[in-house]
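Bear in mind the structure is a predicted one, so any value in this text is a computation, not a measurement. Every chain is numbered from 1, with letters handed out A, B, ... down the list of sequences.
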Protein chains: 2
Amino acid sequence: MSDQLHHPPAEALELAAVLHALSDPIRLNIVRSLADAGACNCGAFTVPVAKSTLSHHLRVLREAGVTLTTREGTQRVVSLRAEDLTARFPGLLDAVLASAPVAA
Amino acid sequence: MSDQLHHPPAEALELAAVLHALSDPIRLNIVRSLADAGACNCGAFTVPVAKSTLSHHLRVLREAGVTLTTREGTQRVVSLRAEDLTARFPGLLDAVLASAPVAA
DNA sequence: TCCCTTGTTCGACATTCGACGAACATCGTA
DNA sequence: TACGATGTTCGTCGAATGTCGAACAAGGGA
């Protein structure tokens with residue numbers, strides 16, 4: 001297997017795919033956690049789903065180009081691709097994060 | 001039936017719903033047309049789908065609070081709720097429109 | 001009145017999505 | 001080597017989504 005997980009290059013990010021990735025409450029939650037905490041391993045997210053489901057959501061985010069996932073020993077470290085996103089879609093991530101105080 | 005179509009009030013717009021409404025290429029196309037042309041009747045959109053499908057997409061946009069639809073005789077006039085969206089999610093619509101030059 | 005234009009609504013259908021548990025792979029460590 | 005921790009992948013399920021055509025509703029003219 002590729003020891004590198006699939007990530008789209010920065011210039012290939014598609015708006016519809018990014019918006020779709022962000023349009024799920026669970027994933028929005030994950031993105032907010034990442035914006036707050038910087039980077040997390042997969043187990044650090046407090047989402048009310050099974051780990052296989054979490055893995056699925058992280059994959060959607062990763063394949064849309066929203067997050068970056070790297071191997072760190074037996075763990076995965078997930079972080080926001082904030083710079084790539086902002087370069088491709090200026091203001092989008094900021095607007096989403098500003099509007100997404102979860103419960104609001 | 002209600003001669004008024006259902007539209008969520010400005011303060012009830014949900015981010016995930018708005019993002020989901022915008023995450024479809026066809027709907028993104030519609031939103032861009034509206035941003036350019038101001039307001040259109042349903043038939044004015046040049047989208048490659050059947051009219052029933054277009055009607056469905058317009059409903060999704062309307063129920064997410066992205067567009068406003070009013071009756072105008074036998075036609076419907078569809079417009080962007082740009083002010084409501086910007087008030088609720090500052091910068092979001094601008095970012096989407098700036099990034100959505102369709103073919104880009 | 002009859003008909004045409006404009007959209008909506010109603011099934012039907014295939015596809016996708018989100019969710020789960022079970023099984024598997026990988027790495028670090030005892 | 002054996003085991004435990006961490007995630008991924010697989011198979012499955014039900015619900016939602018996108019699409020279409022056909023039927024329907026409402027207005028405006030001829």
Could you tell me the separation between the [atom1] atom of [X] and the [atom2] atom of [N], rounded to a whole number of Å?
| X | N | atom1 | atom2 | answer |
| --- | --- | --- | --- | --- |
| A/Q75 | D/dT8 | CD | C1' | 15 Å |
| B/H20 | C/dG18 | NE2 | C1' | 12 Å |
| B/L5 | C/dT9 | CG | C1' | 13 Å |
| A/D24 | D/dA16 | CG | P | 14 Å |
| A/E63 | C/dT16 | CD | P | 14 Å |
| A/L22 | C/dG18 | CG | C1' | 17 Å |
| A/R27 | C/dA19 | CZ | C1' | 12 Å |
| B/I30 | C/dG7 | CD1 | P | 12 Å |

Let's see if you can work this out: which of C/dG18, C/dT26, C/dG7 has an atom nearest to the side-chain heavy atoms of A/R71? C/dT26
Checking D/dG7, C/dG7, C/dT6 against the side chain of B/T74 (C-beta onward), the nearest is C/dT6
Enumerate the residue pairs fulfilling salt bridge (Lys or Arg N to Asp or Glu O under 4.0 Å) with a member in residues 76-87 of chain B, sequence neighbours excluded, ordered by first and then second residue. B/R81-B/D84
Verify, without hydrogens or angle tests, whether [X] (side chain) and [Y] (backbone) share a donor-acceptor contact under 3.5 angstrom.
| X | Y | answer |
| --- | --- | --- |
| B/R27 | B/H20 | yes |
| A/T53 | A/V49 | no |
| A/S55 | A/S52 | no |

For B/E63, does the CD atom sit with more than 12 other heavy atoms under 6.0 Å from it, leaving out its own atoms? yes
The correct set of residues in residues 45-59 of chain A placing a heavy atom under 4.0 Å from DNA chain C is A/V49, A/A50, A/S52, A/T53, A/H56, A/H57
Taking atom OG1 of A/T67 and atom CD1 of A/I30, what is their separation to the nearest 0.5 Å? 8.5 Å
Measuring to OP1 and OP2 of D/dT6, would you say a side-chain N or O of A/N41 lies under 4.0 angstrom away? no
If we only count heavy atoms from C-beta on, is the B/L85 to B/L13 side-chain gap below 4.5 Å? yes
